[in-house]
Asks: 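This structure is in structure tokens; I'll ask about it shortly.
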Amino acid sequence: GGSEVNSQMVRHGKTAEEPEEPTKAGYEFVAWLDGDVVYDFSTPVTESLRLTAAWQWDGTSVSYEWYGDGTAESYSLSSPMDLKGFANIVNGDDSQTPDNFANKTVVLEEAINLGNKAWKPIGVNETYQFHGSFDGGQNLISNLSVSGYPDVAGLFGWKTDGALQNIWIDNADIQGTDRVGTVVGAYYLDDVNIDQALLTGCQVSNSSIYGLQKRVGGIVGNFALANCQADADIRITDNVVMDCEITADGYTGEAAGIAAQVWNESANLILIKNNTVSDTSVQSASQYFGGVLGRLRNEMDNALFQIENCHAENVTVSDTGNGAGFCLGGIAGGCYSLNGTACYTFTNCSVKDSTISTTGMMQEGVSASGGLVGYNNYGNLDIENCTVDDTTVENNADIGGVLGHCTSTAKVSIADTDLSGLTVRGLKNVNRFIGNHPEAEEPTAEIIENCTFVSGQVCTDGVCQTYDEEGLPLS
């Protein structure tokens, strides 16, 4: 589409004349394309050509036609103008009557290029939240830009209830303060009538996600279950993050490839399954940072965090260069329970070709790095059928190939888990599987069964013990 452009007759071997820029309502002209390549008008013409105009949204045009009178149960979006209109309606901007879309579904039907224009998150604060479901249909949203460091930042800001699914985002630049995620900053459930929270099938690539303070994730910053139904369907599944830079630059500083913090106060079961992070760096200025998950916080009696088939490959988990570094893990920074009845299970998870490290490893007090999990507080931790391969795990103290530190009141079981090609390094409390589990005197407090540590080394204060390919120590 766009304004009409006349065809040209060009002699063989001569060059075409570049036309005047065409116009199209709601868009800016970008370039002339020959297929998918920008055409060079200095190139001699030797055959028939058909050039097409590339467009990007102008950043201000908006459409509300798709919304009708607002009484439908489902809506379809197919342009940046539609998406901007949707944001304005949720946020009450542009003189729109606010609609939180409760019990409604919004579907994206076409790929959208937001052109790096300033984006105001959908659901800008607690007053103007999105309560409906959104299905991106795996249609790519490219060049998303959130700047100005809003408190909650992402394509969506505040979200409650319903589902966010199949949202694919590429080349995003997200800058926020606290609760920062490419897809959604804060997924917050605070209603006893809520029976579902789904974050599934989302993909983020080639993006930078930065928070001045804390809770910064590749997909979601803070996923909080404050007051939902105890048997609600809570799932974070089938999400992918690749080629991203994720940074939390403030105190507490939770950061992660998928979800920086999952905070449970009311649900019996939280399922986190089939999530993958690759070729990505996760940095924090403080604590609880992991390749896939940051802090898994629980305040609900007998709750179960079930983590399955989550993977990190070629991921760097590190501090921001300030020498901090508490609770670092290849999969999760830490499990933080306020009661001893909660259980965290990690099954069929893997870490490969990764680095879990801090520049402060020589700094007294910096501690708790694990190949899979950095820290476990109070709750029961079960790890089964997991692997860590060709990975470096280091810190000042409490460093383990599987778990960095487990508090004395917590129980941990590791079974059928294989470690290969690891370097586990620090100044004290450095071990193949668990760095430090103080006063774990009960027979059932710490169980390690059918686990292997091969072709790796454990180094304490510069003194290394190497293990061969059969797991035997070399003299």
Asks: Please collect all salt bridge (charged side-chain N to carboxylate O under 4.0 Å, His left out) contacts where either partner lies in residues 86-96, sequence neighbours excluded, each pair once.
Replies: Asp93-Lys120
Asks: Could you check Lys117 against Glu28 for salt bridge (Lys or Arg N to Asp or Glu O under 4.0 Å), going step by step and ending with a plain yes or no?
Replies: CA-CA 11 Å; Lys117 305 297 184 181; Glu28 298 172 346; 3.1 Å; yes
Asks: When you compare the side chain of Gln261 with that of Tyr288, does any pair of heavy atoms fall below 4.5 Å?
Replies: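 In short, these two side chains do not touch, never coming nearer than 4.5 Å.
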Asks: When you check the side-chain N and O atoms of Asp99 and Tyr67, is any donor under 3.5 Å from an acceptor?
Replies: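 There is such a pair between these side chains.
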Asks: Looking only at heavy atoms, what is the nearest atom pair of Lys352 and Thr391, with distance?
Replies: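 Closest approach of Lys352 to Thr391: C-OG1, 3.8 Å.
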Asks: Distance check, rounded to the nearest 0.5 Å: Leu296 atom CG versus Tyr344 atom OH?
Replies: 6.0 Å
Asks: Testing the 3.5 Å rule here: is there a donor-acceptor pair between the side chains of Asp170 and Asn206?
Replies: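 Yes, Asn206 and Asp170 have a side-chain donor paired with an acceptor closer than 3.5 Å.
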Asks: Does a donor on one side chain and an acceptor on the other come within less than 3.5 Å for Thr237 and Thr200?
Replies: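 Yes, a side-chain donor-acceptor pair sits under 3.5 Å.
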Asks: Is the closest side-chain heavy-atom distance between Leu51 and Phe41 below 4.5 Å?
Replies: yes
Asks: Donor-acceptor check, side chain of Asn113 to backbone of Asn143, threshold 3.5 angstrom: yes or no?
Replies: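 No, because the side chain of Asn113 does not come within donor-acceptor range (under 3.5 Å) of the backbone of Asn143.
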Asks: Can you spot which of Trp158, Phe86, Tyr188, Tyr187 makes a ring-ring contact (aromatic ring centres under 6.0 Å, His included) with Phe130?
Replies: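 For Phe130, the ring-ring contact (aromatic ring centres under 6.0 Å, His included) check succeeds only for Phe86.
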Asks: Provide the closest heavy-atom pair for Leu114 versus Trp57 in the form atom of the first, atom of the second, distance.
Replies: O-CE3, 3.7 Å
